[in-house]
Number of protein chains: 2
Amino acid sequence: MNALKAKEREVNKVEVEKPELFAIADLAKEFGISTRAIRFYETKGLLQPERVGNTRVFRRRDRARLILILRGKRLGFSLRDIQEYLALYDADSSQTAQHTLLIEKIDERLALLRTQLDDLQTTITELTEIRQLADERLRTSG
Amino acid sequence: MNALKAKEREVNKVEVEKPELFAIADLAKEFGISTRAIRFYETKGLLQPERVGNTRVFRRRDRARLILILRGKRLGFSLRDIQEYLALYDADSSQTAQHTLLIEKIDERLALLRTQLDDLQTTITELTEIRQLADERLRTSG
DNA sequence: TCATAGGCTTACGTTAACGTCAAACTGCTT
DNA sequence: AAGCAGTTTGACGTTAACGTAAGCCTATGA
């Protein structure tokens, strides 16, 4: 991807910031994942980079989606879940035939997320309590 | 497990509430999981039911652990993660050789959970915004 | 007494999400 | 010209978390 890197450097010189095009290795490095993973996400339809010849070229939009993908993963969602989730973002700009259906889907997902939020807060509270106990014992008995 | 069920019924008659012993199917039904899953958790050391002959008998403690396991799963943690996590709870009552080490582990996990909390809140905010957009469009254009 | 309903173990099957080669094709750099 | 770095498409390997039988034991109700 040296051609691309040259292009990038050029763009950077002119616009000083915000590269518009990315090679697969750029994204892999930036987000600390493998190129294999990125290609895999593409086969699953989560990313749709363009091609220059054979080579994948990613735009800002793909990068943005990748960020959402990784966040979804940190939240423990499957790629299939994340796919649906991305569709919600897409539907935002496209004219979805049924907004009502979209809204329902969003509500479903929000409900899920709120359950998760509850679980999380409970867990944090409990662990914090255990931490205090351990802390106290450390201080008194040692 | 009819012997156990009989036992349970008996106990219930006397104490009127809070069964102390559970058959594998009881827990499976209560939490909507398979008996296979429960046995699997046992092989992974997450549960340690007693045995009456060959048959597993679960106490309240096991039930409590199962609740933690399922919560952990909802939060997207692996069984291995959950195992460590359970150990934190255990260490609470046992005398851990190094409280310091325990505290460090708890802090690690808390950091993780807080990242997750951030991710979650961001996601909820974004989805809520998208929801509003869809909602408005539904109202105006239809 | 026989069937039926669980329970137990053992073992192979399955899905998700990549990891890990292999083999071949660029485009530079030297 | 030769080599290296980076990319591509297969294709097989791997780990986690169970699902799904198969075969066997046992208590209980008809």
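In this text the structure is predicted, and so the values were computed from the model without any measurement. Throughout, protein chains are lettered first and strands after them, A, B, ... in sequence-line order, and every chain is numbered starting at 1.
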Any salt bridge between A:Arg56 and A:Glu42, counting N to O under 4.0 Å?
-> yes
Length of the line joining A:Leu46:CG and C:dC18:C1', which is rounded to integer Å | 13 Å
For atom CZ of A:Arg51 and atom C1' of D:dT7, their distance in whole Å | 10 Å
Without swapping roles, check the side chain of B:Arg59 against the backbone of B:Asp62 for a donor-acceptor pair under 3.5 Å.
-> no
Does any N or O in the side chain of B:Arg109 come within less than 3.5 Å of the main-chain N or O of A:Leu127, such that one atom is a donor and the other an acceptor?
-> no
Atom CD1 of B:Ile24 to atom C1' of C:dA5: distance rounded to whole Å?
-> 15 Å
Options D:dT8, C:dG7, C:dC8, nucleotide nearest the side-chain atoms of A:Arg39 | D:dT8
Any side-chain heavy-atom pair from B:Lys44 and B:Gln83 closer than 4.5 angstrom?
-> no
Can you name the atoms? Protein N/O to nucleotides 11-18 of chain D N/O, anything below 3.5 Å, with the distance.
from	atom 1	to	atom 2	distance (Å)
D:dA17	OP1	B:Leu79	N	2.7
D:dC18	OP1	B:Lys73	NZ	3.1
D:dC18	OP2	B:Tyr41	OH	2.9
D:dC18	OP2	B:Lys73	NZ	2.4

Length of the NZ-C1' vector between A:Lys29 and D:dA5, whole Å | 12 Å
The complete set of side-chain hydrogen bond (donor to acceptor under 3.5 Å, both in side chains) pairs with one or both residues in residues 111-122 of chain A, sequence neighbours excluded, reads A:Asp119-B:Arg74
Measuring from B:Phe40:CZ to B:Leu46:CG, what's the distance to the nearest 0.5 Å?
-> 8.5 Å
